[in-house]
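In the text below, chain A, chain B and the rest are named by the order of the sequence lines, each starting its count at 1.
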Amino acid sequence: MNAYLFAPELVLLAGCLLAFCMTLTEARTQTLRLLVLCVGAAFAATSVSCLFAKGSLFYGAYRVDLFSQMVKSVMSVGFTLMLLFGADTKGISVRMRPEYYFFLLTSLLGLTLLSSSVELVTLFIALELSSYSLYLLVPMRTPSDSMRAPMEAAIKYMLFGVTASGIMLFGMSWIFGIAGSTYLEQILPAMRSALAQPTGLNAAALVGLMMLLCGMLFKLAVFPFHFWAPDVYQGASNDTTAFIASMPKIVAVAVLARFCALAFPSEGHMALLLTGLSIASMCYGNLTALVQTDVKRMLGFSGIAHAGYILMGMATLQGWGIATSLYYATGYLFMMLAAFLVLCVVSTEGQNLSIKDLNGLSRRSPLLAFVLGVSMFALAGIPPFVGFMGKFMLLTGAWRAGHTALVIIAAINTAIGIYYYLQVVRAVYTEPAAENAPVIVPHAGARMAGICLVGLVLALGMAPESVIRMATEAVMAAW
Amino acid sequence: MDFLSMNTLGYPILSILVFLPLAGAAIIPLLPGENTVRVWTLFVTLANAVFSMPLFTQFNPTSALYQFAEHKPWIESLNVNYTLGVDGISLLLVMMTTFIMPLCVLGSWKYIQSRVKEFMICLLVMETSMLGVFMALDLVLFYVLWEAMLIPMYLLIAVWGGPRKGYASIKFFLYTLAGSVFLLVAIVALYIHQGTFSIPALMGQQYSERFQLLVFLAFFIAFAIKVPMFPFHTWLPAAHVEAPTAGSVILASVLLKMGTYGFLRFCLPITPGAAIGLLPALQWLSVAGIIYGGLTALAQQDMKKLIAYSSVGHMGFVTLGIFALNQRGLEGAMLQMINHGVTTGALFLCVGMVYERSHSRELSDAAGLGKFMPIYVTYLTFFSLSSLAFPGTNSFVGEFLILAGAFFNNKIVAVCAVPGAILAAAYMLRMLQRVIWGGTNNPDQSRMYDLGWREAVTLAPLLVFVFWIGLAPEPFLRVMRPSLDHLLAQTGYHAQSALALAELVAR
């Protein structure tokens with residue numbers, strides 16, 4: 001086995017073990033924080049240096065290619081930035097912090113494994129590793145006035161998650177029955193020939209594939225699998241939500257991309273299904289987000305809408321469309337992190353913030369206001385930020401694949417979405433701050449992460465060429 | 001690329017014009033003190049105005065090509081390019097933008113007292129995106145700048161605006177964005193159809209009638225909201241009234257022109273069939289705007305609102321000229337775009353100057369200023385006369401050409417538009433009478449002081465243009481003529497009107 005191919009995962013694994021050892025001692029938060037930050041930085045460094053690694057591991061169950069490495073790199077950079085700004089983990093009680101970091105790392109490890117898995121059982125195990133860690137992270141919140149919200153969120157998350165996993169597992173069994181293998185490489189030709197057959201086999205293949213998608217659609221919070229999102233966003237601590245709202249999404253997109261390859265020839269039904277889900281998600285997410293007052297909950301609903309946009313690229317079932325989905329998910333990760341950076345720093349005790357709590361932020365901390373403004377305009381899809389460029393490419397891809405109605409509905413949704421993002425900007429820039437609101441001086445890590453995130457959101461939007469080209473290459477490599 | 005005449009000046013003049021303000025904005029956070037920031041911004045905008053001079057002097061007025069062009073690939077996988085160029089249609093708008101910006105800085109010297117740095121950054125970012133919009137020859141580049149402009153403009157209204165700034169700024173943003181979302185859809189449709197985002201390459205192509213109609217409507221909504229044309233105008237009074245002086249000036253002088261520029265640059269040459277088919281409807285909408293704007297302006301007590309509604313009327317004249325679709329009409333519309341920028345910009349500056357002194361925009365509070373502010377009312381009189389298209393001033397030439405063009409196209413429409421000119425005289429003279437003399441119950445104005453040298457200098461260049469264009473419009477018409485002829489040829493509508501023109505000349 002080539003250690004170079006597995007280096008990012010090995011680093012994470014070592015990090016997990018270290019964090020586990022820390023849970024046994026009475027480690028000080030300072031040491032803990034430093035340790036995890038080092039792990040994150042090492043993970044980022046190895047991921048980026050292994051960007052062009054290529055190979056296959058564990059009897060072909062684990063493939064390292066540009067596609068997986070790109071996802072890992074984006075995730076690792078995002079994770080490091082997240083650790084930088086969330087250094088004080090306000091919402092988590094001191095006693096819990098070692099466990100918190102341990103599960104954060106195992107979840108990340110699961111996601112990392114997921115992006116490279118090309119065998120169904122491996123894929124399922126990786127998925128469960130990341131999911132179960134997240135189920136445990138959600139209720140780890142300092143009990144404030146009541147324990148209900150985090151607990152309710154955790155139970156909901158777990159029940160929905162387990163159901164989605166169950167359906168996915170069931171779908172896998174169908175596919176195994178049709179293809180006689182659990183390796184995607186061998187499933188691919190078998191599925192394609194099954195889908196092309198006029199007998200009942202094609203229906204079985206289609207149903208199996210749809211069930212297989214459920215697990216990932218759940219992670220992405222697409223319309224009928226979205227119920228957990230707003231509650232979990234609201235119930236989990238700010239730092240946990242930052243993680244849940246960003247990292248699993250890009251991995252879900254990556255795995256969906258691998259699955260969509262299976263459906264290539266039978267465009268009709270799959271495309272129709274994905275288009276339907278996409279439209280339902282964006283309409284539901286945007287319309288519900290309009291009336292939210294809690295910022296995190298609003299971001300939860302907006303996340304459902306963004307999942308709809310991402311599915312727009314998937315619905316093309318073409319390499320380029322899926323590459324733009326990946327590009328959009330990359331941008332989305334950084335936009336979301338920028339928004340959560342501000343929430344984490346502004347929230348003094350780790351409590352949830354309503355939009356009103358952001359009133360006059362531009363006077364309390366110009367930098368944070370700027371970061372939040374950029375992320376809101378970017379999420380709304382205003383140029384020159386990545387949100388616009390991504391949406392523009394998704395629209396182009398969808399139109400090219402003949403989904404004219406989808407493009408028009410997405411465009412209308414963009415216009416609706418502006419309103420609630422703008423409410424936040426309005427609160428930040430035009431409303432006067434509350435009487436006793438103190439001036440906020442973000443710590444050095446948050447300042448650095450904020451500037452990096454704004455830079456990334458801007459750079460990805462203005463110079464998308466290299467990323468898009470790499471994503472296209474990566475998707476082609478994965479197919 | 002045969003529609004581009006590449007830049008031969010030896011330096012990329014258009015890129016410099018676009019990015020100089022942005023570079024200036026990037027330096028502002030490092031500057032100490034508010035006055036340094038003001039002086040620096042003035043310096044940057046003045047430098048940009050000076051740098052834009054060669055555009056006018058080196059422009060070849062016999063060519064319809066896009067001159068000083070620059071062309072670089074931007075996003076190769078989508079065939080998106082960074083293409084800039086100016087022709088007769090955009091040249092004057094670019095010049096007007098660079099010239100009006102220093103005046104905006106001067107006009108907000110005292111007006112803006114809080115967060116000066118942020119304000120000046122917004123102004124400079126605005127300048128970058130406005131210039132870029134007029135120069136961009138690639139649809140994606142155009143759209144990026146067109147939308148990016150909303151952010152600083154939103155902040156200008158929302159942060160430094162009047163009491164109802166929250167409402168006005170959100171309305172402005174939502175309205176404009178809702179319109180431009182369809183613009184984006186049209187851009188994608190054109191790209192899928194032709195495989196290019198190059199604006200000149202998309203002109204004069206064969207599209208099916210249905211496709212033309214849909215693309216035209218998508219373009220039309222975006223631009224009609226920006227102009228604003230009659231049923232889409234409701235954001236304008238709110239935004240104008242609440243915006244700070246500089247914001248109002250930019251809005252009136254430059255932003256509104258982007259809508260009409262869009263008609264000239266996109267609707268007519270790309271979808272001429274649909275435009276010609278809808279011509280009567282478009283003309284009647286313009287007339288409705290002229291009459292409606294005039295009547296509502298007549299009823300206003302708030303000076304800013306009055307000028308805002310007068311803008312609706314004036315822009316109605318511009319769209320009437322455009323949709324007259326003949327040389328006279330188009331020349332008049334182009335000239336009127338510049339005129340409106342000069343005159344209405346100046347009027348907003350004038351209102352801002354009174355507001356700085358009395359903190360009121362009410363007409364009744366400004367009654368009887370003539371005795372105490374003689375220089376001010378002199379300026380105000382000239383600009384008001386220009387606004388009502390008094391012969392000898394710039395707007396007279398523009399409106400005359402527009403009405404002449406409209407007569408050739410549709411006599412009934414032209415006749416219906418004429419009362420608009422009378423209404424303009426009515427509401428401007430009403431305002432003038434009140435401000436200069438007032439009545440027997442004037443408020444005590446003895447504490448009002450006349451214009452200082454800074455304010456006088458701010459208004460002086462605009463006054464020069466009022467008379468220059470009014471008395472000798474030829475240098476301005478000369479540069480736009482080849483491009484407008486080319487545009488008419490692209491629409492394929494000119495044959496009959498040219499005939500009528502020839503007749504007129506022969507007579």
Are there any donor-acceptor pairs closer than 3.5 angstrom between chain A and chain B, and if so, which ones?
residue	atom	partner	partner atom	Å
Ser362(A)	OG	Arg115(B)	NH1	3.1
Arg400(A)	NH2	Tyr191(B)	OH	3.1
Met462(A)	O	Trp74(B)	NE1	2.7
Glu465(A)	OE1	Glu76(B)	N	2.8
Glu465(A)	OE1	Ser77(B)	N	3.1
Glu465(A)	OE1	Ser77(B)	OG	3.2
Glu465(A)	OE2	Ser77(B)	N	3.4

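- Heavy-atom distances place the side chain of Met389(A), and not its backbone, under 4.5 Å from chain B.
- Interface remark: Ile382(A) contributes side-chain atoms only to the contact with chain B (heavy atom separation under 4.5 Å).
- No part of Ile416(A) comes within reach of chain B, as not one of its non-hydrogen atoms sits under 4.5 angstrom from that chain.
- With a threshold of 4.5 angstrom between heavy atoms, Leu177(B) approaches chain A through side-chain atoms but not through N, CA, C or O.
- Using a 4.5 Å cut-off between heavy atoms, Ala218(B) makes no contact with chain A at all.
- Each of Val144(B), Val140(B), Ile151(B), Leu150(B) was compared with Pro383(A) under the side chain to side chain contact (heavy atoms under 4.5 Å, CB included) criterion, and only Val144(B) meets it.
- Contact between Pro384(A) and Ala148(B) at its shortest, heavy atoms only, is CD-CB, 4.1 Å.
- Of all the listed residues (Val425(A), Val407(A), Leu422(A), Ile408(A)), the one sharing the greatest number of non-hydrogen pairs under 4.5 Å with chain B is Leu422(A).
- In terms of heavy atoms, Ala411(A) sits closest to Val181(B) at O-CG1, 2.9 Å.
- The part of Ile468(A) that comes within reach of chain B is its side chain, from C-beta onward, which places non-hydrogen atoms under 4.5 angstrom from that chain.
- For residues 359-387 of chain A, the set of pairs meeting the ring-ring contact (aromatic ring centres under 6.0 Å, His included) definition, not counting sequence neighbours, comprises Phe377(A)-Phe173(B).
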